[in-house]
Amino acid sequence: MKKKVAIVTGASGQDGAYLIKLLLKKNYKVVAALRRNSNINTSRLTSLGLEHVTSNFSKAEIELTEFTNCANLISKLKPSEFYNLAAQSFVKTSFDQPIYTTHVNSLGVLNCLESIRNFSPKTKFYQASTSEMYGNPINKIMNEKTEFAPISPYAVSKLYSYHMTKLYRQAYNLFCVNGILFNHESPFRGQEFVTQKIITSLVKIKKNKQKFLLLGNLDSYRDWGHAKDYVDAMWLMMQQKKPSDYVISTGKTYTIRDFVNRSSKYLKMNIAWKGSGLNEIGYDTRTNKEIIKINKQFYRPAEVNYLRGDPTKAKKELKWRPKYNLDSLIADMCDAALEKY
Ligand code: NAP
Ligand code: G4F
């Protein structure tokens with residue numbers, strides 16, 4: 001039987017690496033689509049043993065903002081499945097770079113959709129949508145029917161693409177799905193995101209390689225899962241008879257402060273808090289040393305205060321079954337950081 005071909009954009013990122021590994025395990029021919037860079041970051045792929053081109057694994061260049069680039073790749077390969085994971089994915093940066101963020105996250109997605117519509121209408125399309133699109137709704141648990149009210153340039157740019165993906169499904173009868181994924185982390189998480197920043201810093205502090213961990217808002221809530229579980233859900237969405245949109249989340253939510261406390265407990269560090277607001281500090285109860293400080297620069301102009309997703313539809317229709325909870329996610333990330341530093 002002829003192997004399915006999948007293109008994965010954002011292949012150098014966290015989800016890209018795990019998804020490619022999964023697709024290869026499922027016997028696909030996978031094309032890792034990477035953008036040109038002075039120093040292409042393939043460290044995640046390499047650490048999964050994906051360094052060299054094989055009969056099933058190859059690399060291609062894609063710059064999402066360049067229509068001809070997207071169109072040429074899609075018309076040449078006519079893949080069975082196209083997973084669009086590429087994005088300017090850091091919310092804080094989107095406040096400083098709203099135009100660039102919109103070019104990549106909105107028009108870049110339209111470039112892919114137009115390429116599929118014109119040159120390969122049988123290609124199934126996955127769009128990496130996000131829980132950020134909800135903003136701060138009244139509902140305390142969000143599902144596929146919850147209204148979106150984005151409050152960052154990142155979220156607005158992603159909402160545009162969410163709607164375009166839906167539109168191409170409805171207007172042109174293409175197989176297009178949105179995965180509305182809540183925060184998901186792993187040892188591959190970028191250093192700028194709060195979970196990786198906390199764990200890397202605590203490990204370095206424990207090993208006397210760093211003095212302080214500087215954080216912003218400790219009181220926002222996030223629904224954190226493991227990226228390995230979440231790429232399973234992406235694939236499942238693309239195997240359904242009918243395309244639809246799905247929330248992928250754990251259904252549980254914790255504050256940033258909870259995440260610090262649980263990570264420090266796993267690392268056998270005892271942290272207690274005192275003070276409030278910008279003057280709050282976290283200190284080591286054994287040495288009395290101050291190790292966590294709050295810094296204004298890590299606050300955002302507008303904050304999503306509370307995220308908690310309801311994954312009922314995905315569990316029922318996709319039979320999606322995540323394997324990790326918050327503590328096993330933290331253990332996985334801490335073990336990787338302890339080995340690295
Ligand atoms: P990530 O680690 O930041 O990876 C983003 C990827 O996009 C990188 O490979 C990056 O390439 C690539 N990229 C950026 N701009 C590009 C452009 N103009 N052309 C081509 N490629 C470009 O993100 P992630 O955590 O894996 O997330 C994957 C996707 O899911 C993103 O779209 C993100 O917005 C979305 N999402 C993530 C989460 C989460 O919690 N992780 C939740 C919901 C949705 P370089 O390496 O060259 O920079
Ligand atoms: O880890 P974060 O930067 O992730 P955020 O903003 O929730 O976005 C991530 O999840 C989205 C899904 O909901 C994705 F769409 C998006 O691409 C990305 O993967 O921040 C989490 C929370 C925020 O409330 C932030 O204000 O942590 C708070 N925070 C507190 N101190 C901090 C810090 N965030 C960062 N990055 N750095 C800090 O020092």
Side-chain angles (χ1 to χ4, degrees), residues 1-10 15-16 19 22-23 26 28-31 33 60 62 64-87 102-131 133 143-148 150 156-181 230-248 311-320:
M1 210 173 78
K2 223 176 136 205
K3 286 189 174 179
K4 281 188 187 175
V5 175
I7 296 179
V8 178
T9 72
D15 293 3
L19 179 64
L22 177 78
L23 294 171
K26 293 192 180 291
Y28 280 67
K29 273 186 174 230
V30 184
V31 179
I62 200 165
L64 226 61
T65 57
E66 191 69 47
F67 174 72
T68 45
N69 227 210
C70 304
N72 286 342
L73 189 66
I74 288 168
S75 61
K76 189 173 131 200
L77 299 179
K78 298 199 170 41
S80 341
E81 295 170 16
F82 185 99
Y83 293 85
N84 181 40
L85 308 184
T102 305
H103 272 290
V104 179
N105 297 2
S106 305
L107 296 181
V109 180
L110 189 54
N111 284 338
C112 300
L113 285 166
E114 269 297 275
S115 302
I116 289 174
R117 180 171 82 88
N118 282 288
F119 306 115
S120 183
K122 288 205 173 108
T123 296
K124 294 180 179 181
F125 178 78
Y126 174 89
Q127 168 58 14
S129 287
T130 164
S131 47
M133 300 185 308
N143 66 20
E144 292 79 3
K145 294 197 175 106
T146 307
E147 208 176 304
F148 296 117
V156 173
S157 72
K158 284 278 185 175
L159 188 56
Y160 171 92
S161 300
Y162 164 87
H163 282 302
M164 276 298 177
T165 300
K166 261 185 114 125
L167 177 69
Y168 274 59
R169 177 165 84 218
Q170 286 159 0
Y172 306 120
N173 210 17
L174 301 179
F175 191 109
C176 298
V177 302
N178 283 291
I180 307 167
L181 271 52
Y230 286 38
V231 300
D232 285 346
M234 293 176 190
W235 179 79
L236 286 167
M237 283 178 220
M238 296 286 256
Q239 312 314 311
Q240 299 308 296
K241 279 211 178 83
K242 279 190 178 164
S244 189
D245 305 326
Y246 294 90
V247 160
I248 303 298
T312 304
K313 182 180 174 190
K315 288 197 167 165
K316 193 166 164 233
E317 292 183 12
L318 305 178
K319 312 269 179 291
W320 176 64

Is the closest side-chain heavy-atom distance between Pro79 and Val31 below 4.5 Å?
-> no

Looking at residues at least two apart in the chain, or sitting in another chain, which of them share a ring pair (Phe, Tyr, Trp, His ring centres under 6.0 Å) with Phe67?
-> none

Partners passing side-chain contact (heavy atoms from CB on, under 4.5 Å) against Asn105 (at least two apart in sequence or in another chain) | Ala87, Gln88, Thr101, Tyr154, Ser157, Lys158

Is any side-chain heavy atom of Gln240 less than 4.5 Å from a side-chain heavy atom of Val177?
-> no

Does a side-chain heavy-atom distance below 4.5 Å link Leu22 with Asp232?
-> yes

Taking atom NE2 of His103 as the centre, does the number of heavy atoms from other residues, nucleotides or ligands within less than 6.0 Å exceed 12?
-> no

Considering residues at least two apart in sequence or located in another chain, which fulfil the salt bridge (charged side-chain N to carboxylate O under 4.0 Å, His left out) criterion with Lys166?
-> Asp245

Got Val109 and Phe125 here, is their nearest side-chain heavy-atom distance under 4.5 Å?
-> yes

Residues passing the side-chain hydrogen bond (donor to acceptor under 3.5 Å, both in side chains) test with Lys313, sequence neighbours excluded, are Ser244

With sequence neighbours left out, what residues match Thr146 under side-chain hydrogen bond (donor to acceptor under 3.5 Å, both in side chains)?
-> Asn143

State, with a plain yes or no, whether a side-chain heavy atom of Tyr160 is found less than 4.5 Å away from one of Leu110.
-> yes

Results of ring pair (Phe, Tyr, Trp, His ring centres under 6.0 Å) for Tyr246 - residues two or more places apart only | none

Could I get the full list of side-chain contact (heavy atoms from CB on, under 4.5 Å) partners for Thr312, not counting sequence neighbours?
-> Asp310

Are any non-hydrogen side-chain atoms of Trp235 and Tyr83 less than 4.5 angstrom apart?
-> yes

Heavy-atom distance under 4.5 Å between the side chains of Met234 and Leu19, does that happen here?
-> yes

What closest approach, in Å, do Leu318 and Leu236 show between heavy atoms, and which atom pair accounts for it?
-> O-CD1, 3.6 Å

Using a cut-off of 6.0 Å, state whether more than 12 heavy atoms not belonging to Gln170 lie near its atom CD.
-> yes

Could you tell me which residues satisfy side-chain hydrogen bond (donor to acceptor under 3.5 Å, both in side chains) with Ser75, sequence neighbours excluded, listed by chain and number?
-> none

Listed partners of Thr165 passing side-chain hydrogen bond (donor to acceptor under 3.5 Å, both in side chains), at least two apart = none

What pairs of residues pass the salt bridge (charged side-chain N to carboxylate O under 4.0 Å, His left out) test when at least one of them lies in residues 66-87, not counting sequence neighbours?
-> Lys4-Glu81

Please report the closest heavy-atom contact between Cys176 and Tyr168, naming both atoms and the distance.
-> SG-CB, 4.1 Å

Residues passing the ring pair (Phe, Tyr, Trp, His ring centres under 6.0 Å) test with Phe148, sequence neighbours excluded, are Tyr134, Tyr162

Ile248 side chain reached by Pro311 side chain, heavy atoms, under 4.5 Å = no

Pairs flagged by salt bridge (charged side-chain N to carboxylate O under 4.0 Å, His left out) wherever residues 115-127 is involved - sequence neighbours left out = Glu114-Arg117

Looking just at side-chain N and O atoms, do Asn84 and Gln127 make a donor-acceptor pair shorter than 3.5 Å?
-> yes

